[in-house]
Amino acid sequence: MKRPIPFLELASMHADLSDELIRKFADVLKNGVFSAGEEVNLLESQMTGYLKIPHAVACANGTDALELALRALEIGPGDEVIVPALTWVSTAEVVRIVGAQVVFADVDASGLLDAGLMDNLVTSRTKAVVPVHLYGKMVDMRRLMSWAKERDIWVVEDAAQALGAFQKGISAGCYGDIGCYSFYPTKNLGAMGEAGMVVTSEEKWSHQLQLLRNHGQTQRDEHETVGRNSRIDTLQAAFLNVKWPYFQSWQAKRKRLASIYMQELEHVHGLRIPQGINQEDHNAHLFTVQCDKRDFLKTYLENKGIGTAIHYPRALPDTSAFWQVGDFPMARRICQTTLSLPLHPYLKEQEVSRVCAAIRDFMALYY
Ligand SMILES: *Cc1c(COP(=O)(O)O)cnc(C)c1O
């Protein structure tokens, strides 16, 4: 059998950078600074430069980024927050953690929050909406922002999957009142552990976010508000600084591979391919196809040594933690039909072609 094609291979990326990463680790060890410090400042300033936004506050992970954002906006008990029914669990989790109520909205055919579907969900208690740029594809932010501003609703962007995506020159995460990113190892820019970031254009929220991530401290032992410990590890910031110069070329590689997928899968009967993956407002985080025989396709590819993943097998209102009666036909349909194919900067073009050939064989057999 040919070499297997795993869904993701974090080891190969880091093997390439291992000398640099080891040197950076040795530096951090020698400097003896393990919390805050220059590496964290550098990460934050590189991000504000790239994203063209005044304030970036690094934190412990992407889930915390979302929680800190809601807390900075003083969202809590009695408030309602609109969240898409299809997303990673963090988006809804943080709403509950701050004591507010989750209101799920169904998504469009691409899995994105649709302003047109949200009007009947708004009540006098709706304080915020959290658009998720799922799979790396941005929600139509101009439309969503004007929808939200007309109704006095805060927008907290979950851009955890979308670093590198821009809509009309503005980055994912920079349209909303506050934007959140994750540097979880599998994201397009991943740490060697956990890390996240919050961004905003507003000085007052930046100040609040900095307080909240560090025990509400303005300075040591001065606790202005009740915060928590959600600081980023200096070491993770340092590793991210090593990886940052490669980010753009990794993005270009993802886009190239995505184009090959698009070409080779374009006219396959019974298969829906992702819309707009080569546009600026998609960062090619995941390449997801939709097929009615998804589970068979997954097994078929597995038997050929090709790894795939499902994002996500269940809509959140259908999980025990977030059980909610309601109709979420599109979210449920995507959960049943969507399959994520291998896509990462260390995947080879011939490997993409092999995946496509296997899919075409399967589709020819069953459609
Ligand atoms: C990864 C992810 C998060 C959470 O980030 P962590 O760093 O894993 O906490 C939140 N929302 C979405 C959509 C994600 O994909």
Side-chain angles (χ1 to χ4, degrees), residues 7-8 10 43 47 56-71 81-98 102 104-105 107 110-113 128-139 141 144 155-165 171-173 176 178-199 209 212-213 228-233 235-237 239-240 243 254 281-288 309-316 319 321-322 331 334-335 338 340 343-344:
F7 177 66
L8 252 184
L10 295 175
L43 176 68
M47 285 298 145
V57 179
C59 63
N61 57 67
T63 309
D64 278 9
L66 290 161
E67 183 192 325
L68 294 171
L70 295 181
R71 292 185 62 182
V81 179
I82 299 175
V83 165
L86 181 70
T87 176
W88 174 240
V89 67
S90 304
T91 322
E93 216 168 37
V94 295
V95 175
R96 286 278 186 81
I97 288 173
V98 303
V102 181
F104 287 113
V107 293
S110 306
L112 302 179
L113 207 55
V129 56
V130 188
V132 178
H133 306 303
L134 197 70
Y135 312 143
K137 166 82 180 163
M138 284 177 75
V139 169
M141 285 308 293
L144 185 80
V155 177
V156 173
E157 279 182 86
D158 183 342
Q161 301 186 358
L163 185 69
S171 169
I178 301 186
C180 304
Y181 305 89
S182 163
F183 302 116
Y184 186 71
T186 61
K187 311 286 173 170
N188 288 23
L189 180 65
M192 244 121 289
E194 308 283 341
M197 182 166 276
V198 199
V199 301
L209 291 163
L212 289 168
R213 80 167 160 185
R228 37 171 307 196
N229 176 0
S230 183
R231 296 178 301 241
I232 187 174
D233 285 347
L235 192 56
Q236 293 307 333
F239 287 148
L240 286 165
K243 292 175 77 172
R254 280 177 182 272
D281 75 344
H282 199 313
N283 75 346
H285 175 54
L286 292 174
F287 193 95
T288 57
I310 296 174
H311 299 94
Y312 298 90
R314 231 183 254 262
L316 288 180
T319 65
F322 294 97
I334 293 174
C335 290
T338 292
S340 305
L343 180 63
H344 59 82

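As the structure is a computational prediction, the values presented were derived from the model and not from experiment. The analysis underlying the following values was restricted to heavy atoms, covering all of them including side chains, and did not include hydrogens, waters or symmetry mates. Order of appearance sets the numbers: ligands from 1, and atoms from 1 within every ligand.
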*Asks:* Just to confirm my output: which protein heavy-atom neighbour is closest to atom 9 (O) of ligand 1, and how far is it?
*Replies:* T63 OG1, 2.5 Å
*Asks:* Kindly say whether Q236 contributes a backbone atom to a donor-acceptor pair with the side chain of D233 at under 3.5 angstrom?
*Replies:* no
*Asks:* Quick one: does N283's side chain have a donor or acceptor within less than 3.5 Å of a partner on N188's backbone?
*Replies:* no
*Asks:* Does an N or O from W88, backbone or side chain, lie closer than 3.5 Å to an N or O of ligand 1?
*Replies:* no
*Asks:* Which atom names give the shortest non-hydrogen contact between R254 and L343, and what distance separates them?
*Replies:* NH1-O, 3.4 Å
*Asks:* When only distance counts, is Q161 in polar contact with ligand 1, meaning an N/O pair under 3.5 Å?
*Replies:* yes
*Asks:* Kindly identify the option in K187, H285, H133 whose heavy atom sits closest to atom 1 (C) of ligand 1.
*Replies:* K187
*Asks:* So which heavy atom on L86 is nearest to which on I334, and how close?
*Replies:* CD2-CG2, 3.6 Å
*Asks:* Is there a donor-acceptor contact under 3.5 Å from the side chain of R96 to the main chain of A321?
*Replies:* yes
*Asks:* Quick one: look at V132 and ligand 1, take heavy-atom pairs under 4.0 Å, and tell me if it's side chain, backbone, both or neither.
*Replies:* side chain
*Asks:* Please confirm whether A160 comes within less than 3.5 Å of ligand 1 when only nitrogen or oxygen atoms on both sides are compared.
*Replies:* no
*Asks:* For atom 13 (C) of ligand 1, what is the nearest protein heavy atom, given as residue, atom name and distance?
*Replies:* D158 OD2, 3.4 Å
*Asks:* Return the CZ to CD1 distance between F183 and I232, rounded to the nearest 0.5 Å.
*Replies:* 6.5 Å
*Asks:* Out of A60, G136, S182, who gets a non-hydrogen atom closest to atom 7 (O) of ligand 1?
*Replies:* S182
